[in-house]
Amino acid sequence: MAITDRGGSTTHAVIAGVVTALVGFTSSFAVVLTGLNAVGADEAQAASGLAIVSMTMGLGCIVLSLAHRIPVTIAWSTPGAALLAGATLPAAGWPAAVGAFAFAGLLYLLTAAVKPLGVWVARIPNAIASAMLAGVLLTLCITPFQALVRDPAAIGPVLLTWLVLLRVARRWAVPGALVAAGVVIALVGDPLGGGSLLPALTWTAPAFDWRTIIALGIPLYLVTMTGQNIPGVAVLESFGYRAPLRSALTWAGTATVLTAPAGGFSINLAAISAALAAGPEAGPDRDRRWIAGVTCGVVYVLLAPLSVLVTAISTAAPAGIIASVAGLALIGTFASSASAALSDVHHREAGAVTFLVAASGLSFAGISPAFWALVAGALVLAVLRFGRSDGGSVVVR
């Protein structure tokens, strides 16, 4: 009986790992491609970035799950990719964006080495970090509805599929929308180019431009820490596992620094998808769920070679359809971020200002809105807290 139970637990864990990887990849790769293109990557560089992050997060799942014997899942930074998608093209181009990726990686390593830095990041009010992300996501999440007006025949089936699956099988809503987009692309998209569809990593020497580091590197680090790593720890602990945050940050920082020239923008502890591998879906035996983390990693590694094909299909797609899938994929993140930004009455005004500045598109001194949103929110919070013994702001009831 014990052998049967163990076999059943292993089967559940393997299936959960496969589902985790497929949902994680298909639900947000469009966001990754959109983000890399927004900061200057061409088709080959974007394909390289998608491939390298798939590889490093897959290897991270395997190594960390085996080392700690718990279901550790590593993912690309979806909030980070969304931040890139909403950013302005750096004046110094793609090499400066690569430099910002590497700088964010160095900050992950520094956080792993210097414990007080992680504590300090954890103390950033959730309202401020969430408001910045929500403001950046706003323009991305309205894209599907703008595109629907321009091309209802192409975008309509994608939105309809997403809505139906959101009702009957929420987990598969975005992958289903992606499948619908694939059908539309096959019917009305441009023919694929005649180039090779085999994966190839492109190398770009990083340029460390201080404006781009402030505009992209620091916000990328902050949204990844507050939107992925810290929630990822919470998810694992909610299922009774001690999250290996230092090991995960060391892996993420090292991988990001080394692969930034190939487009590796950021990896981190998975948050939402981590629940698929760590929860009951991965089997009744908690001590066997590490197999789900390993399986997830193997599938990510196997998906990496598809990066060129995926990017080529995205290029051949009708205008707006991939951005629409990316926008649909981010609606849940936008909703949770906006809710977190405004739910705390003591931080509501600061959160609102942060959100508005991030959504405004304000750019000053060549630095993007994400950074100025953080500055504005922190300033409002400091003014409201100054001289108040309760540390809060005035609450209007």
- Query: Backbone N or O of P157 within a donor-acceptor pair of the T161 side chain at under 3.5 Å?
  - Reply: yes
- Query: Passes side chain to side chain contact (heavy atoms under 4.5 Å, CB included), I74 versus L64? Steps please.
  - Reply: CA-CA 9 Å; I74 301 295; L64 294 174; 3.7 Å; yes
- Can you tell me how far CG of L222 sits from CG of L107, rounded to the nearest 0.5 angstrom? 8.0 Å
- State whether the side chain of R288 and the backbone N or O of T10 hold a donor-acceptor pair below 3.5 Å, judged by distance alone. no
- Note on the structure: To the nearest 0.5 Å, atom OG of S324 lies from atom CG of L178 at 12.0 Å
- Under 3.5 Å, side chain of S307 to main-chain N/O of A304, donor-acceptor pair present? yes
- Task: Kindly give the heavy-atom pair with the smallest separation between V14 and T295, and that separation in Å.
- Result: O-CG2, 3.4 Å
- Task: Report whether V164 and I155 are members of the same hydrophobic cluster (ILVMFWY, side-chain heavy atoms less than 4.5 Å apart, transitive linking).
- Result: no
- Is it true that V174 and L159 fall in one hydrophobic cluster, defined by side-chain heavy atoms closer than 4.5 Å? yes
- Is the shortest heavy-atom distance from the side chain of P90 to the side chain of L216 under 4.5 Å? yes
- Which is it for S130 and F355 under the side chain to side chain contact (heavy atoms under 4.5 Å, CB included) test, yes or no, and what are the steps along the way? CA-CA 8 Å; S130 297; F355 171 81; over 6 Å; no
- For F334 and C141, work out which heavy atoms get closest and say how close. CB-SG, 3.7 Å
- Message: Do L258 and L220 sit in one hydrophobic cluster, given that two such residues count as connected whenever their side-chain heavy atoms are within less than 4.5 Å of each other, even indirectly?
- Response: no
- Shared hydrophobic cluster, L89 / F103 (ILVMFWY, side-chain heavy atoms < 4.5 Å): no
- Task: To the nearest 0.5 Å, tell me how far N229 CG sits from T111 OG1.
- Result: 8.5 Å
- Between F145 and V149, is any pair of side-chain heavy atoms under 4.5 Å apart? no
- Just by distance, do the side chain of R69 and the backbone of D287 share a donor-acceptor pair under 3.5 Å? no
- Query: Is there a side-chain hydrogen bond (donor to acceptor under 3.5 Å, both in side chains) between S266 and S77 once you walk through the steps?
  - Reply: CA-CA 6 Å; S266 197; S77 174; 4.7 Å; no
- Item | Non-hydrogen atoms of Y108 and I267 that approach each other most closely | CE1-O, 4.4 Å
- Taking S65 for the side chain and P71 for the main chain, is one N or O donor matched with an acceptor at less than 3.5 Å? no
- Message: Under the side chain to side chain contact (heavy atoms under 4.5 Å, CB included) test against I128, which residue among T226, T354, V353, V380 passes?
- Response: T354
- Nearest non-hydrogen partners of T254 and L109, listed with the distance: OG1-CD2, 3.5 Å
- Message: Within this structure, what is the CG-CE distance for the pair L269 and M225, rounded to the nearest 0.5 Å?
- Response: 9.0 Å
- Could you tell me the separation between the CG atom of L110 and the OH atom of Y221, rounded to the nearest 0.5 Å? 7.0 Å
- Message: Assigning hydrophobic clusters by single linkage (Ile, Leu, Val, Met, Phe, Trp, Tyr; side-chain heavy-atom cutoff under 4.5 Å), is V257 placed with L36?
- Response: no
- Message: Determine whether the aromatic ring centres of residues F101 and W94 are separated by less than 6.0 angstrom.
- Response: yes
- Query: Can you list the steps and then say if W251 with L59 is a side chain to side chain contact (heavy atoms under 4.5 Å, CB included)?
  - Reply: CA-CA 10 Å; W251 178 273; L59 293 175; 3.7 Å; yes
- Would you say T212's side chain and F208's backbone share a donor-acceptor pair under 3.5 angstrom? no
- Taking every non-hydrogen atom, the tightest pair across L236 and A243: CD1-CB, 3.8 Å
- Query: Should Y241 and H68 be marked as a side chain to side chain contact (heavy atoms under 4.5 Å, CB included) after you check the CA-CA gap, both sets of side-chain angles, and the distance that decides it?
  - Reply: CA-CA 10 Å; Y241 299 105; H68 297 278; over 6 Å; no
- Item | Listed once per pair and sorted, the ring-ring contact (aromatic ring centres under 6.0 Å, His included) pairs that draw on residues 152-182, sequence neighbours left out | none
- Note on the structure: Paired with C296, the side chain to side chain contact (heavy atoms under 4.5 Å, CB included) test is passed by just one of T73, V301, L22, namely T73
- Message: Given the ring of F239, does R286 sit roughly above its face, with NZ or CZ under 6.0 Å from the centre of the six-membered ring and within 45° of the axis?
- Response: no
- So, S48 side chain and L201 main chain: donor-acceptor pair closer than 3.5 Å or not? no
- Note on the structure: Here the pair of heavy atoms bringing A46 nearest to A41 is N-CB, 4.0 Å
- Task: Find the distance between CG (L83) and OG1 (T78) and round it off to the nearest 0.5 Å.
- Result: 12.5 Å
